[in-house]
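Atoms considered below: every heavy atom in the structure, side chains included; atoms not considered: hydrogens, waters and symmetry mates.
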Amino acid sequence: MLSTLSTAIGTGHCIQIKEGWLEWPILWTATIGDTGTAKSPAQDKAVEPLLRRQKQLLEEFQEATKEVYFAKKTAAKADRQPAAKSKTPAKGEEQSSPAAGGAETEPSSSIPTPQLGQVFTTDTTLEALNCCLSRNPRGIALVRDELTAWVLAMNEYKKGSGADRPHWQSMWNGSQIVVNRKNNPKPIIIPRPFVCVIGTLPPDMLGELCDEQGREDGFIHRMLFGFPEPSPRILTDDGIRPVTMARYCGVFDGLRRLRLNMIVADPTVTVELAPGVFEIFRDWVNENYAEMENGP
């Protein structure tokens, strides 16, 4: 749920921890549990707002595509019609013009092709992901049932010699992406890449997230792991009520609309900490640093 709602916020808002330190809500979350403990059904409920929003975007895209098709068809028909012969107007007669004789039909070639908006993906290469982010600057989520498949797929097309893993780490930091390819003279520039990751893992597969050579590269440290308490495997009639899911989706929609209700020049709204919050955060961080330095 944290990653889903973070995707709703996207690049629309960041928080200022202190002067010069900004954080965007980019979260990589993994639920750890044994096989058969209903991790996947639970995740499906958590990402339901993403599914509903993507369905809405698909419907809007299909409707826009239909409208553009008929517009281009009408424009193409007008393009094929011979232009009317011009004649010198008689005395007292007005010169005919598109404005006087009716609206001028827009050339078919100038009608833009609709783009399908995205809020999540389930499988993508880095090259395709960069293109997706350039079309969706607010950001998306990567939803994987098994996160090991995501990690093992890194560099699979480059025989393990690529830079997919550090590239993902840079995206977690929100570092600007500039991609140049020799077959494309125009570079892909993404000022603020935003990808939340959502997935599950059985405990025995946790080691697959580590570097193959055993190095501490910081990749696994970017993950937020959830270890639900084991519970008896029994079937009950408990379920999530539709009204509960509707309220949850309402929170998601409200976060997406939040940026649209603000009139600001900058594409990102910076949220400052309330008085006294930095002191609480500072104490927690320093205690955490001390534990890291003094413990294994």
Is there a side-chain contact between [X] and [Y], using heavy atoms and a 4.5 Å cut-off?
| X | Y | result |
| --- | --- | --- |
| Thr113 | Val68 | no |
| Arg165 | Val151 | yes |
| Asn130 | Ile177 | yes |
| Leu58 | Gln118 | no |
| Trp168 | Leu126 | yes |
| Lys55 | Glu59 | yes |
| Ile140 | Phe194 | no |
| Tyr248 | Met1 | yes |

Are [X] and [Y] connected, step by step, through hydrophobic side chains (Ile, Leu, Val, Met, Phe, Trp, Tyr) whose heavy atoms are closer than 4.5 Å?
| X | Y | answer |
| --- | --- | --- |
| Leu2 | Val195 | no |
| Met171 | Ile189 | no |
| Ile220 | Met292 | no |
| Val143 | Met245 | yes |
| Leu116 | Phe120 | no |

Just by distance, do the side chain of [X] and the backbone of [Y] share a donor-acceptor pair under 3.5 Å?
| X | Y | value |
| --- | --- | --- |
| Glu146 | Thr148 | no |
| Asn180 | Pro187 | no |
| Gln169 | Asp217 | yes |
| Gln16 | Leu22 | no |
| Ser3 | Leu27 | yes |
| Arg138 | Ala8 | yes |
| Lys39 | Asp34 | yes |
| Asn288 | Trp284 | no |

query = Do Thr268 and Thr11 have side-chain atoms, one donor and one acceptor, less than 3.5 Å apart?
reply = no

Checklist line | Residue pair Glu23 / Trp21, side-chain donor-acceptor N/O under 3.5 Å | finding: yes

List the steps, then state whether side chain to side chain contact (heavy atoms under 4.5 Å, CB included) holds for Leu258 with His13. CA-CA 9 Å; Leu258 190 60; His13 289 76; 3.9 Å; yes

Could you give the distance from [atom1] ([X]) to [atom2] ([Y]), rounded to the nearest 0.5 Å?
| X | Y | atom1 | atom2 | value |
| --- | --- | --- | --- | --- |
| Thr4 | Glu48 | OG1 | CD | 10.0 Å |
| Trp150 | Leu201 | CH2 | CG | 10.0 Å |
| Leu224 | Thr31 | CG | OG1 | 10.5 Å |
| Glu60 | Gln62 | CD | CD | 10.5 Å |
| Leu142 | Leu129 | CG | CG | 7.5 Å |
| Cys196 | Ile26 | SG | CD1 | 7.0 Å |

Residues joined to Val271 in its hydrophobic cluster, side chain to side chain under 4.5 Å directly or through other members, sorted by chain and number, are none

Tell me the closest heavy-atom pair linking [X] and [Y], and the distance in Å.
| X | Y | result |
| --- | --- | --- |
| Pro193 | Gln176 | CD-CA, 4.1 Å |
| Lys45 | Ile240 | CG-CD1, 3.8 Å |
| Pro25 | Ser6 | O-CB, 3.0 Å |
| Val119 | Gln54 | N-OE1, 2.9 Å |
| Ile17 | Leu273 | O-CD1, 3.5 Å |
| Thr7 | Ala141 | OG1-CB, 3.4 Å |

Per side-chain contact (heavy atoms from CB on, under 4.5 Å), Cys131 is matched among Ile188, Thr125, Val179, Thr124 by Ile188

With Leu147 as partner, the option from Val197, Ile198, Leu152 fulfilling side-chain contact (heavy atoms from CB on, under 4.5 Å) is Val197

Residues passing the ring-ring contact (aromatic ring centres under 6.0 Å, His included) test with Phe252, sequence neighbours excluded, are none

Sorted by chain and residue number, the ring-ring contact (aromatic ring centres under 6.0 Å, His included) partners of Trp24 (sequence neighbours excluded) come out as none

field: Asp123 with Arg144: basic N within carboxylate O range, under 4.0 Å
entry: yes

Practice prompt. Look at atom CD of Glu279 and say whether more than 12 heavy atoms of other residues, nucleotides or ligands are closer to it than 6.0 Å.
Written response: yes

If you count every heavy atom of other residues, nucleotides or ligands that lies below 6.0 Å from Phe61 atom CZ, does the total exceed 12? yes

**Test of ring centre spacing under 6.0 Å for Trp28 and Phe219** = yes

Kindly assign one of parallel, tilted or perpendicular to the pair Phe225 and Phe227, based on the angle between their ring planes and the thresholds 30° and 60°. tilted

